[in-house]
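Below: one structure, written as structure tokens.
The first residue in the sequence is number 1, and the count goes up from there.
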Amino acid sequence: MSKQISKQDKSPSEIDFYTNYATSADANMSNEIIPRVGMEFNTEQDVYDFYNKYAKEVGFSIRRHKGHKDQYGLWLNRSFCCSCQDHTHALASPSKRMFLRSQRTINLAQAAELEIADRSGLAPKESVEFLARKVGGIENLGFIPEDYSNYLRTRRTKEMRVGDTGGMVG
């Protein structure tokens with residue numbers, strides 16, 4: 001099943017904005033990363049990744065918006081939008097784009113290194129500083145310290161067993 005960016009799924013104001021905005025912002029971009037009406041994708045994640053790559057080039061962050069699923073839980077359609085849903089805000093400069101929420105991610109190699117650091121007793125701040133030095137600065141890291149704290153919390157929650165919270169088991 002393929003996903004499609006469709007003009008009919010958008011309100012006239014969204015279409016007008018995209019048409020007006022795209023003509024100026026897309027002028028210096030490769031045609032392969034510019035969203036076009038009628039594009040097809042195999043999965044919802046493929047659409048998200050494609051649009052997120054475009055958003056990074058332009059200088060904004062995206063989020064999943066609304067959509068409809070069929071009786072089996074498969075997406076029939078899905079829309080994505082600027083994470084602020086306010087198209088009048090300034091776009092992020094290239095040096096600030098790594099701080100946009102949808103652009104931040106801890107990749108598998110970084111996760112492995114952070115796991116080792118955590119299990120070795122290194123404080124999260126020291127772990128992030130170490131990786132940042134390794135890649136030439138926090139701006140090249142791809143995530144911020146808060147992302148690492150969230151990552152640790154999520155991992156620890158998943159590893160938690162019944163009774164591990166210190167509560168009484170009865």
Subject >> D49: side-chain hydrogen bond (donor to acceptor under 3.5 Å, both in side chains) partners, not counting sequence neighbours >> reply: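 Only Q45 meet the side-chain hydrogen bond (donor to acceptor under 3.5 Å, both in side chains) criterion with D49.
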
**OP:** For K134, check side-chain hydrogen bond (donor to acceptor under 3.5 Å, both in side chains) against everything at least two apart and list the hits.
**Re:** E113

Subject >> Candidate pair R64 and Y51, rule side-chain contact (heavy atoms from CB on, under 4.5 Å), full reasoning >> reply: CA-CA 10 Å; R64 289 170 171 88; Y51 190 51; over 6 Å; no

Solution key, residues 116-126 side-chain donor-acceptor pairs under 3.5 Å, sequence neighbours excluded:
| unit_1 | atom_1 | unit_2 | atom_2 | d |
| --- | --- | --- | --- | --- |
| D118 | OD1 | R156 | NH2 | 2.7 |
| D118 | OD2 | R155 | NH1 | 3.3 |
| D118 | OD2 | R155 | NH2 | 2.8 |
| D118 | OD2 | R156 | NH2 | 3.2 |
| R119 | NH1 | E115 | OE1 | 2.7 |
| R119 | NH2 | E159 | OE2 | 3.2 |
| S120 | OG | I116 | O | 2.8 |
| E126 | OE1 | A123 | N | 3.1 |

**OP:** Please round to the nearest 0.5 Å and tell me the distance separating atom CZ of R63 and atom OH of Y48.
**Re:** 11.0 Å

**OP:** Measure the NE2-CZ distance between H68 and R78 for me, rounded to the nearest 0.5 Å.
**Re:**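 Result: 11.0 Å between the selected atoms.
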
Original post:
Looking at residues at least two apart in the chain, or sitting in another chain, which of them share a side-chain contact (heavy atoms from CB on, under 4.5 Å) with D46?
Top reply: F41, N42, T43

Original post:
Remaining members of Y151's ILVMFWY cluster at a side-chain heavy-atom cut-off under 4.5 Å?
Top reply: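 Joined to Y151, directly or through intermediates: I106, L114, V128, F130, L131, V135, I138, L141, F143, Y148, L152.
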
**OP:** Indicate the atoms forming the closest heavy-atom contact of G136 with N140, along with that distance.
**Re:** O-ND2, 3.2 Å

Subject >> Heavy-atom pair of closest approach, residues K53 and I33 >> reply: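 Residues K53 and I33, closest heavy atoms: CE-CG2, 3.8 Å.
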
**OP:** Can you sort out the partners of D147 under salt bridge (charged side-chain N to carboxylate O under 4.0 Å, His left out), two or more places apart, ordered by chain and number?
**Re:**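 D147 satisfies salt bridge (charged side-chain N to carboxylate O under 4.0 Å, His left out) with R104 once adjacent residues are dropped.
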
Original post:
With under 30° as parallel and over 60° as perpendicular, where do the rings of F60 and Y54 fit, or are they tilted in between?
Top reply: perpendicular

